[in-house]
Asks: 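One structure follows; several queries about it will come next.
Both ligands and their constituent atoms are indexed starting at 1 by order of listing.
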Amino acid sequence: MVKRITKQERERIHAVLSLLDEHYTTEFKCYLNHETPWQLLIAVILSAQCTDARVNIVTKDLFQKYKTLDDFAYANQKELEQDIHSTGFYQNKAKNIILCAKRLVEVYGGEVPSKLEDLLTLAGVGRKTANVIRGNIYNEPSIVVDTHVKRISKKLGFTKEEDPEKIEYDLMKVLPKDHWILYNIQIITHGRGLCTARNPQCNACFLNELCKDVKNKKERKKNTSSQ
Ligand code: SF4
């Protein structure tokens, strides 16, 4: 049975989104440098278990050396592995990039498809990568569940799930469609600044009054002191 969202909860969600808009603006931005859709696709494949900053350093030279999708499709795997070595998991990533580029050239005429089901047929592309492409390139409402979105959405009480796909579906239910792309951009900024995994700055956070994690901690403290 689908759980209905109460009016109070809807107002809380709305207040959270308004504050995110206010603090982080509603400007769309992509943290991975790219000039073409296929460059973004390769950058997202490289970003698995790696920081965006590191990927941007690597792609600066990589996209100078491999100027076209064909250059990646027919690349020497060992050489590509060396070129992307510092992003980690370089053997798998090199293999996937070559397979992905080949399929884009041979099946999609060198274009990056916009449909989720097509994107998911590409090597190294899961829902997260596919949704980055759909949101950033095609402006299709899509929710990207990365490490920040996963952690902070739980703290905000938007989901209780662990599995990224289930989190994505939960977020689709609670967030208005016009915030699907923005939410990820804003939450990444929030997760890199105030709400880091190691040291969330709850006292300084503008979401403090609305955050479920803070509320739960306060309740637990109250219960412990009244025992
Ligand atoms: S109040 Fe704390 S846990 Fe909640 S979003 Fe802000 S920093 Fe994160």
Asks: Specify the protein heavy atom at minimum distance from atom 6 (Fe) of ligand 1: its residue, its atom name, and the distance to 0.1 Å.
Replies: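 Here the nearest protein heavy atom works out to Cys205 SG, 2.4 Å.
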Asks: Of all the atoms in ligand 1, which lie at a distance below 4.0 Å from a heavy atom belonging to Lys155?
Replies: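 Counting from 1, the qualifying ligand atoms are 3 (S).
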Asks: Salt-bridge test for Lys166 and Asp170: reply yes if a basic N is under 4.0 Å from a carboxylate O, no otherwise.
Replies: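 Salt bridge between Lys166 and Asp170, a charged N being under 4.0 Å from a carboxylate O: no.
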Asks: Give the atom numbers and elements of ligand 1 that come within less than 4.0 Å of a heavy atom of Val214.
Replies: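 Selected atoms, number and element: 1 (S).
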Asks: Of Gly157, Cys211, Cys195, which has the heavy atom at the shortest distance from atom 7 (S) of ligand 1?
Replies: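 Ranked by closest heavy atom to atom 7 (S) of ligand 1, first place is Cys195.
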Asks: Among all protein heavy atoms in this structure, tell me which lies nearest to atom 2 (Fe) of ligand 1, with the distance rounded to 0.1 Å.
Replies: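 Here the nearest protein heavy atom works out to Cys202 SG, 2.3 Å.
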Asks: Taking NZ, NE, NH1 and NH2 as the nitrogens, is one of them in Glu161 or Lys150 under 4.0 Å from a carboxylate oxygen of the other?
Replies: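 Judged by the 4.0 Å cut-off on N to carboxylate O distance, Glu161 and Lys150 do not form a salt bridge.
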Asks: What pair of heavy atoms forms the shortest contact from Asn136 to Lys29, and how long is it?
Replies: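 Here Asn136 and Lys29 meet closest at OD1-O, 4.2 Å.
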Asks: Salt-bridge test for Glu219 and Lys222: reply yes if a basic N is under 4.0 Å from a carboxylate O, no otherwise.
Replies: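 Between Lys222 and Glu219 there is no salt bridge, as every charged N stays at least 4.0 Å from the carboxylate O atoms.
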Asks: Does the side chain of Tyr31 come under 3.5 Å of the side chain of Thr189 through a donor N or O and an acceptor N or O?
Replies: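 The answer is yes; a qualifying pair exists.
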Asks: Under 4.0 Å from a heavy atom of His190: which atoms of ligand 1 are those, numbered in the order shown and with their elements?
Replies: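 Heavy-atom distances to His190 below 4.0 Å select 5 (S), 6 (Fe).
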